[in-house]
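These notes concern the structure reproduced below.
This is a predicted model, so every value here is computed, not measured. Counting begins at 1 with the first residue of the sequence.
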Amino acid sequence: MTPTYPKSGYRTSPPTGIVPEGESPQVRLRNVITEGPAILYACEPAGEYACTLLTDNVTPVLGYESSEFLEDPRFWTDRIHAEDRPQVLADLHRLPERGVHIHEYRFRHKNGTYRWIHDHLHLVRDEAGKPLEIVGYLVDCTDRKAAEAEERQTTRETIRADEQHRAELKFGALLDTTPDAIVAARRDGTIEFINKQTEAMFGYERNELLGRTVETLVPDSMRLAHRQHRTDYLEQPSERVMGVGPVLAGRRKDGTEFPAYITLTPIMSAGDLLIVAVIREA
């Protein structure tokens, strides 16, 4: 015989935190169920999987009244996110083979947003083994999903940063073998990288130049013009060979100046534009 259920939740008295004198164990259990985080349900085992039982604590979680699910056979399926619905229904079709299933999907809240739902269900059969109904519980797992997504993003960023760091170490070691000074700077002129030849050519230690502007390496008399040249170059950055003549000059830490040939090349690094200058004494 098919069991029958009430068409709504179980609450019979308001929660007070104190068990009323004389309240039966059945009433206490029903109150615990309807005040708990898990939404209990039963539904048809096939077709539209129409809801036949739903506890009233669905309202604070999803915004709907339990009666809305019970009155419309497609109410549940129609509100599953369109990207998740095919897989959810496919899993339900295979339920007779499994008997028990757990899945997670997005469900549209009454306010129009989507909440992640953890759905644990079990197929009930009659004495002859025929599917009778599906029973289960729903739990809002949106916060957990958000935390997991944030953790994955953090992990990806950590891995990406680690890979970039290792690549930069290898790249830096390679550039240290070149005979020319190499300086990489950001759009604002801030020096991001130098090789060992830059230290030898200009007389600075690496930590003295990183974070300073490239004008540090330019004679005082040319710094204002150099800033304007940087601005003009960034409008259409491209590989340029400058200093043929030579017409450019560098300035060492001790204040001495020297003529130099400079080649500029724009590159993208971690989504940012870097201008790489290769410097050779003329």
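By the criterion of side-chain heavy atoms lying less than 4.5 angstrom apart, applied directly or through intervening Ile, Leu, Val, Met, Phe, Trp or Tyr residues, Val88 is not grouped with Tyr114; the two fall into different hydrophobic clusters. Under a hydrophobic clustering in which Ile, Leu, Val, Met, Phe, Trp and Tyr are joined whenever their side-chain heavy atoms come within less than 4.5 Å, directly or via other members, Ile117 and Leu89 fall into the same cluster. A continuous path of ILVMFWY side-chain contacts below 4.5 Å connects Ile267 to Ile182, so both sit in one hydrophobic cluster. Taking hydrophobic clusters as Ile, Leu, Val, Met, Phe, Trp and Tyr residues chained together by side-chain heavy-atom distances below 4.5 Å, Leu132 shares a cluster with Val135. Under the 4.5 Å side-chain heavy-atom criterion for ILVMFWY residues, a single connected hydrophobic cluster contains both Ile279 and Ile194.
Paired with Arg74 under the rule salt bridge (Lys or Arg N to Asp or Glu O under 4.0 Å), one option of Glu44, Glu48, Glu68 passes, and it is Glu48.
For the pair Leu273/Leu234, a side-chain contact is recorded, criterion being any heavy-atom separation below 4.5 Å from C-beta on. Side-chain contact check for Val100 versus His120: some heavy-atom pair is nearer than 4.5 Å. Counting only heavy atoms from C-beta outward, the side chains of Leu95 and Leu121 approach each other to under 4.5 Å. For the pair Thr213 and Ile191, the minimum side-chain heavy-atom distance is 4.5 Å or more. By the 4.5 Å heavy-atom criterion applied to side chains, Arg206 and Phe193 are counted as neighbours.
Put simply, CG on Leu138 and CG on Leu54 are 7.0 Å apart, with the number rounded to the nearest 0.5 Å. Distance check, rounded to the nearest 0.5 Å: OG1 of Thr55 to CG of Leu40 gives 4.5 Å. For the atom pair SG of Cys43 and CG of Leu70, the computed distance is 11.5 Å after rounding to the nearest 0.5 Å. Distance check, rounded to the nearest 0.5 Å: OG1 of Thr177 to NZ of Lys196 gives 10.0 Å.
Classification of Arg125 and Glu133 as a salt-bridged pair fails, no side-chain N sitting under 4.0 Å from a carboxylate O. For the pair Lys130 and Asp126, the salt-bridge criterion is not met [side-chain N within less than 4.0 Å of a carboxylate O]. Comment: Glu281 engages Arg252 in a salt bridge, judged by a side-chain N to carboxylate O separation of less than 4.0 angstrom. Checked for salt-bridge contact, Arg251 and Glu257 miss the test: no charged N lies under 4.0 Å from a carboxylate O.
Side-chain N/O atoms of Arg98 and His101 include a donor and acceptor closer than 3.5 Å. In this model, a donor atom of one side chain and an acceptor atom of the other lie less than 3.5 Å apart for Asp119 and Tyr41. Asn111 and Thr113 are linked by a side-chain donor-acceptor pair at a separation below 3.5 angstrom, with hydrogens and angles left out of the test.
The environment of NZ in Lys145 is crowded: more than 12 heavy-atom neighbours from other residues, nucleotides or ligands sit within 6.0 Å. In this structure, Glu157 places its CD atom where more than 12 heavy-atom neighbours from other residues, nucleotides or ligands lie under 6.0 Å away.
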Test side chain to side chain donor-acceptor pair (under 3.5 Å) applied to Asn207 and Glu205, step by step: CA-CA 6 Å; Asn207 60 4; Glu205 296 292 333; over 6 Å; no
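Every residue two or more places apart in sequence or in another chain that forms a side-chain hydrogen bond (donor to acceptor under 3.5 Å, both in side chains) with Asp140 is listed here: Arg115, Thr142. Among residues two or more places apart in sequence or in another chain, the ring pair (Phe, Tyr, Trp, His ring centres under 6.0 Å) test is passed with Tyr204 by none.
A centroid separation of 6.0 Å or more is found between the aromatic rings of His109 and Phe107.
Ring geometry for Tyr64 versus Phe75: interplanar angle over 60°, hence perpendicular rather than tilted (30 to 60°). Between Trp76 and Tyr49, the angle of the ring planes goes over 60°, which puts this pair in the perpendicular group of the 30/60° scheme.
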